[in-house]
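Data block below; observations after.
Quantities reported herein were computed from a predicted structural model and do not represent experimental measurements.
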Amino acid sequence: MTAAIVGWAHTPFGKQAEETVESLVVTAAREAIADAGLEPGDVDEIILGHFNAGFSAQDFTASLVLQADPALRFKRATRVENACATGSAAVHQGVRAIAARDARVVLVVGVEKMTSTPGPEIGRNLLRASYLVEDGDTPAGFAGVFGKIADSYFQKYGDKSDALAAIAAKNHRNGVGNPYAQMRKDLGYEFCRTESEKNPYVAGPLKRTDCSLVSDGAAALVLTDVETALGRDKAVAFRSMAHVQDFLPMSKRDILQFEGCGRAWQDALGRAGLTLDDLSFVETHDCFTIAELIEYEAMGLTPAGEGHRAILEGWTEMGGKLPVNPSGGLKSKGHPIGATGVSMHVLTAMQLTGKAGDIQVKDAELGGIFNMGGAAVANYVSVMQALK
């Protein structure tokens with residue numbers, strides 16, 4: 001263990017018409033530093049996760065974090081991007097700076113402002129996380145890419161619409177208790193399973209309830225070395241982490257395997273000396289319900305083609321053997337691209353310090369995080385444990 005989270009902040013996710021990228025960044029940064037009980041001048045380095053891809057006209061954003069306090073002026077600040085895994089890329093870069101002993105305190109912020117962009121443009125921006133040479137004309141944009149994946153999965157393993165609806169219903173039910181979630185409403189299984197005017201098909205077998213939400217929001221955390229973290233009121237350490245990058249074109253791999261996800265989980269658990277059974281819960285990347293289903297298989301919860309068992313038999317429910325997305329996931333919480341991975345780490349830290357309120361997993365000791373960019377292209381896993 002080389003680094004620990006000692007403070008955090010999280011804005012509400014959703015349509016924040018009055019907010020800008022700058023205001024979201026400033027709010028999250030100030031609150032995270034204060035929550036850590038540190039002064040802005042204590043920060044050695046700043047990492048900003050911001051995907052953008054056209055959502056914001058301001059495309060040079062690392063220094064916006066300095067607006068949070070004059071004492072941050074002249075600190076190292078870098079913006080990182082790795083599609084929908086941008087937030088975790090920022091967190092992992094911060095941990096590596098501490099592991100290299102190049103920094104003792106790192107401020108990580110993730111942000112996105114999406115809802116002020118017109119709908120068709122949102123679709124074009126998100127599609128940039130795919131391989132445009134092959135997928136640039138996909139109907140329904142990035143949802144269409146995952147619609148193709150769902151179609152292929154159903155052709156190989158049979159219609160799993162029941163499982164997808166159960167995943168959506170679970171995550172919306174969990175999200176009711178998350179004060180940061182964009183949609184705090186228990187939609188119920190029947191609504192998620194049934195096509196209707198309010199729940200139409202979007203792409204292939206994916207309905208609206210199978211797709212994550214367009215969101216504005218920010219999250220931030222403060223990392224320190226373990227020596228600094230010891231003895232603090234709260235500290236959550238990185239037991240291990242892994243990053244696996246795969247080919248961008250889906251044609252170069254078996255897209256139903258999510259091999260990069262599987263390898264990242266194997267690497268992270270191996271480095272931590274753990275198995276999946278040791279984890280108390282997992283926050284995973286449910287940009288679409290088919291993604292969560294395949295991730296069950298990639299992480300080793302079930303064999304290939306049997307991910308439906310994990311949800312239909314209750315394994316991934318709050319009271320199951322491995323609760324998945326107790327926060328409500330991207331499906332309920334929302335998915336402001338650059339903020340998502342940071343949010344996952346913040347909510348995991350809250351779980352492991354017993355501060356998760358109505359979404360608290362009982363006796364949580366070890367938490368796993370999987371954040372994905374593109375269609376299993378950028379794959380980040382963190383395994384977290386509270387420092388006692």
Side-chain angles (χ1 to χ4, degrees), residues 13-15 51 53 55 83-85 112 114-115 117-130 135 138-154 159-175 178 181-217 255 258 283-296 307 311 324-325 327-337 339-340 343-344 371-376:
F13 283 2
K15 187 172 184 178
F51 173 62
F55 288 112
C84 300
E112 214 70 57
M114 303 172 69
T115 65
T117 302
E121 192 175 338
I122 290 173
R124 288 192 295 272
N125 289 351
L126 293 176
L127 193 58
R128 291 171 184 168
S130 66
D135 302 318
T138 302
F142 205 55
V145 172
F146 276 84
K148 288 181 181 178
I149 294 171
D151 270 330
S152 297
Y153 189 95
F154 284 16
D159 188 327
K160 302 302 179 189
S161 297
D162 289 351
L164 299 191
I167 289 170
K170 166 183 70 72
N171 291 347
H172 279 292
R173 187 165 55 251
N174 290 351
N178 183 349
Q182 180 169 352
M183 185 180 289
R184 301 181 65 186
K185 184 176 182 181
D186 184 355
L187 297 179
Y189 172 79
E190 289 302 326
F191 180 85
C192 296
R193 181 65 180 87
T194 307
E195 179 193 7
S196 65
E197 184 179 345
K198 292 185 176 181
N199 191 29
Y201 283 102
V202 174
L206 301 180
K207 296 185 284 294
R208 183 175 292 164
T209 50
D210 293 304
C211 307
S212 58
L213 303 162
V214 173
S215 314
D216 307 329
I255 193 56
F258 278 25
E283 286 287 338
T284 202
H285 194 97
D286 60 319
C287 51
F288 301 93
T289 53
I290 186 64
E292 181 168 328
L293 183 71
I294 298 175
E295 285 157 19
Y296 293 163
I311 182 65
V324 174
N325 287 333
S327 70
L330 286 57
K331 186 70 210 62
S332 172
K333 184 180 61 178
H335 185 24
I337 307 296
T340 287
S343 166
M344 288 173 150
N371 187 198
M372 176 174 76

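- Scanning both residues, Met372 and Ala375, for their nearest heavy atoms gives SD-C, 4.4 Å.
- Test Lys331, His285, Lys170 against Glu292 for side-chain hydrogen bond (donor to acceptor under 3.5 Å, both in side chains) and you get one pass: Lys170.
- Val214 is not listed as a side-chain neighbour of His335, based on a closest heavy-atom distance of 4.5 Å or more.
- Between Phe55 and Phe51, the two ring planes are tilted [angle within 30° to 60°].
- Considering only heavy atoms from C-beta on, Cys84 comes within 4.5 Å of Ile337 through its side chain.
- For the atom pair CG (Asp286) and OG (Ser327), the distance works out to 7.5 Å, reported to the nearest 0.5 Å.
- Using a 4.5 Å heavy-atom threshold, the side chains of Phe146 and Asp210 count as separate.
- Ile122 contributes atom CD1, which lies 7.5 Å from atom OG1 of Thr115 (distance to the nearest 0.5 angstrom).
- Judged by distance alone, with hydrogens and angles left aside, the side-chain atoms of Glu195 form no donor-acceptor pair with the main-chain N or O of Tyr201 at under 3.5 Å.
- The distance from the CG atom of Leu293 to the CD1 atom of Ile290 is 5.0 Å, given to the nearest 0.5 Å.
- Between the OG1 atom in Thr289 and the CD1 atom in Ile294 there is a gap of 10.0 Å [rounded to 0.5 Å].
- In terms of heavy atoms, Asn371 sits closest to Met344 at CB-SD, 3.8 Å.
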Could you please spell out the steps behind the side-chain contact (heavy atoms from CB on, under 4.5 Å) verdict for Val145 and Leu127? CA-CA 8 Å; Val145 172; Leu127 193 58; 4.0 Å; yes
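- Minimum interatomic distance between Gly307 and Tyr153 (heavy atoms only, all atoms of both residues): N-OH, 4.1 Å.
- Taking every heavy atom of both residues into account, Thr117 and Asn125 meet most closely at CG2-ND2, 4.1 Å.
- Using a 4.0 Å cut-off between a side-chain N of Lys or Arg and a carboxylate O of Asp or Glu, Arg193 and Asp162 qualify as a salt bridge.
- To the nearest 0.5 Å, the span separating CD1 on Ile167 from NZ on Lys160 amounts to 11.5 Å.
- Side chain of Arg173 to main chain of Gly188: no donor-acceptor pair is present (N/O by atom type, distance under 3.5 Å, no hydrogens or angles).
- Rounding to the nearest 0.5 Å gives a distance of 8.5 Å between NE2 of His172 and CZ of Phe191.
- Asn199 places a side-chain N or O within 3.5 Å of a backbone atom of Arg208 that can act as its donor or acceptor partner.
- Under a 3.5 Å cut-off, the side chain of Asn178 and the backbone N or O of Arg184 do not form any donor-acceptor pair.
- Of all non-hydrogen atoms in Pro336 and Glu112, the two that sit nearest each other are C-CB, 3.5 Å.
- Using a 4.5 Å heavy-atom cutoff, the side chains of Phe288 and Ile149 are not in contact.
- Side-chain contact between Ile311 and Tyr296 is present, with at least one heavy-atom pair separated by less than 4.5 Å.
- The two atoms that bring Asn325 and Thr284 nearest to each other are OD1-N, 2.9 Å, heavy atoms only.
- Put simply, the side chain of Met114 reaches to within 4.5 Å of the side chain of Leu126, judged on heavy atoms.
- Judged purely by atom type and a 3.5 angstrom limit, Ser343 has no side-chain atom pairing as donor or acceptor with the backbone of Ala339.
- Within the 4.5 Å cutoff, the side chain of Leu164 has heavy atoms near those of the Leu206 side chain.
- A side-chain hydrogen bond (donor to acceptor under 3.5 Å, both in side chains) with Gln182 is found for one member of Ser215, Ser332, Ser212 and no other, namely Ser215.
- Between the Asp151 side chain and the Gly204 main chain, no donor and acceptor come within less than 3.5 Å of each other.
- Taking 4.5 Å as the limit, some side-chain heavy atom of Lys148 sits within range of a side-chain heavy atom of Asp135.
- Here Lys333 does not pair with Glu283 in a salt bridge; the nearest charged N to carboxylate O distance is not below 4.0 Å.
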